[in-house]
Structure formats: C-alpha cells, structure tokens
Amino acid sequence: MLIAIVIDCQGDLGPAVDFWSAALDRKIVSRDQDGDGKYAELASAKDEPFVLLQRVDHDPRVHLDIETDDLDAETARLEKLGATRVEFRKRWWVMQAPTGHRFCVVRQQPGKTGITPNRWAASD
C-alpha cells in the first residue's frame, strides 16, 4: 500500500519544509523527526499517504514508499513484476521499477493509521 510521498531535498531541510508546507497547504508535524536533520513530516489525513521530506546527497526528486508487514514477500512480489533491488538501507529496500523510477519498500509505520498496508499470510 502506498504509505508516503517522499520529497528528496539537498542541504538544510528548513527552507524546503517551509516551502512545501505552504505550497501544499499542510501543517508541519515535525521539522526533525529523528533528531538527525534527515527527515521532516507534513500533516496528512489519516486515510491518505503522508508527506515526508528527506535530506539526500543525490539530485532532488520525489519517490514513493510502499508499506508492508513482510518486507521479503513484498520485495519478491515486486521483483516478479520486473522491479530490481538496489540497496538495503537501515530497515527498508530501495528498489527500481522497470521504468527506471526509484521507490522504497518499508515496514509498517507506527502511528500511521487509516491506510491498510499490504499484508502477507503464510501461504502467500
């Protein structure tokens, strides 16, 4: 399930948070989610993907996060559809679609209710 729209930004997130908050007319939930200056979050309704700003070293872009309760099963499913694994980071997979677009497959996000993640049963 689509859980987040991630806006990748270079440099200090402060100006980016201010811009995107005003541009999207969303309140700022957190300017520094983990205390390391890498993530900021904008407010979203419970039934919609959240907007996350992420400080990165690569060119600025937007990517999607897909949430699942079984990282291995979801990445395998996406590989069968033609995606490739690019890199494992902390607790998620960076993947690439056959179209060249990068996206992440992430574990269930705590406190993000209202959106049902892809769930995997033992037989899947």
Novice: Could you grab the distance from atom CD1 of I5 to atom CG of L53, nearest 0.5 Å is fine?
Specialist: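 Output value for this atom pair is 11.5 Å.
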Novice: Does the side chain of V105 reach to within under 4.5 Å of the side chain of T68, using non-hydrogen atoms?
Specialist: yes
Novice: Could you measure the distance from the CE atom of M95 to the CG atom of L64? Nearest 0.5 Å is fine.
Specialist: 13.5 Å
Novice: What closest approach, in Å, do D65 and L2 show between heavy atoms, and which atom pair accounts for it?
Specialist: O-CD1, 3.5 Å
Novice: Apply side-chain contact (heavy atoms from CB on, under 4.5 Å) to A23 and list each qualifying residue two or more places apart in sequence or on a separate chain.
Specialist: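 For A23, the residues satisfying side-chain contact (heavy atoms from CB on, under 4.5 Å) (neighbours in sequence not counted) are F19, W20.
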Novice: To the nearest 0.5 Å, tell me how far Q33 CD sits from Q54 CD.
Specialist: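 Between Q33 CD and Q54 CD, I get 10.5 Å after rounding to 0.5 Å.
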Novice: Check side-chain hydrogen bond (donor to acceptor under 3.5 Å, both in side chains) between S21 and all other residues, then give those that pass, not counting sequence neighbours.
Specialist: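 Result, side-chain hydrogen bond (donor to acceptor under 3.5 Å, both in side chains) vs S21: none returned.
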Novice: Between R26 and P49, which heavy-atom pair has the shortest distance, and what is it?
Specialist: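 Looks like NH1-O, 4.5 Å.
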Novice: Could you pull out all residues at least two apart from R91 that satisfy side-chain hydrogen bond (donor to acceptor under 3.5 Å, both in side chains)?
Specialist: none
Novice: Test of understanding: with salt bridge (charged side-chain N to carboxylate O under 4.0 Å, His left out), list the residues that count as partners of D18, not counting sequence neighbours.
Specialist: R31
Novice: Just jot down the side-chain hydrogen bond (donor to acceptor under 3.5 Å, both in side chains) partners of Q10, sequence neighbours excluded, or say none.
Specialist: none
Novice: According to a hydrophobic-cluster definition based on side-chain heavy atoms being under 4.5 Å apart (Ile, Leu, Val, Met, Phe, Trp, Tyr only), do V56 and F103 belong together?
Specialist: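 No, V56 does not connect to F103 through the hydrophobic network.
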Novice: Using the side-chain contact (heavy atoms from CB on, under 4.5 Å) criterion, which residues pair with D34? Sequence neighbours excluded.
Specialist: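 In terms of side-chain contact (heavy atoms from CB on, under 4.5 Å), with neighbours along the sequence ignored, D34 is linked to D36, Y39.
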Novice: What distance separates I3 CD1 from E48 CD, expressed to the nearest 0.5 Å?
Specialist: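 Result: 10.5 Å between the selected atoms.
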Novice: Apply ring pair (Phe, Tyr, Trp, His ring centres under 6.0 Å) to W93 and list each qualifying residue two or more places apart in sequence or on a separate chain.
Specialist: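 By the ring pair (Phe, Tyr, Trp, His ring centres under 6.0 Å) rule, W93 matches F88.
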Novice: Considering only NZ, NE, NH1 and NH2 on the basic side and carboxylate oxygens on the acidic side, decide whether E67 and R107 come within less than 4.0 Å.
Specialist: no
Novice: Work out which heavy atom in S44 is nearest to a heavy atom in F50; give both atom names and the distance.
Specialist: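 Looking at all heavy atoms of both residues, the shortest contact is OG-CA, 3.2 Å.
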Novice: Under the salt bridge (charged side-chain N to carboxylate O under 4.0 Å, His left out) test, which residues partner R61, sequence neighbours left out?
Specialist: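 Salt bridge (charged side-chain N to carboxylate O under 4.0 Å, His left out) check on R61 returns D8.
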Novice: Of all heavy-atom pairs between V94 and C104, which one has the smallest distance, and what is that distance?
Specialist: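 Smallest interatomic distance, heavy atoms only, reads CG2-SG, 4.1 Å.
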Novice: Nearest 0.5 Å, please: how far is CG in D32 from CG in L13?
Specialist: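 Atom-to-atom, L13:CG and D32:CG are 8.0 Å apart.
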Novice: Which is it for M1 and I66 under the side chain to side chain contact (heavy atoms under 4.5 Å, CB included) test, yes or no, and what are the steps along the way?
Specialist: CA-CA 5 Å; M1 178 59 67; I66 296 173; 5.9 Å; no
Novice: Quick one: pull up CD in E41 and OG in S30 and give me the separation to the nearest 0.5 Å.
Specialist: 7.0 Å
Novice: Got a sec, which residues hit side-chain hydrogen bond (donor to acceptor under 3.5 Å, both in side chains) with R102, two or more places apart in sequence or on another chain?
Specialist: Q96
Novice: Determine, for E74 against K80, whether the closest basic-nitrogen to carboxylate-oxygen distance falls under 4.0 angstrom.
Specialist: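 Result for this pair is no, no salt bridge flagged.
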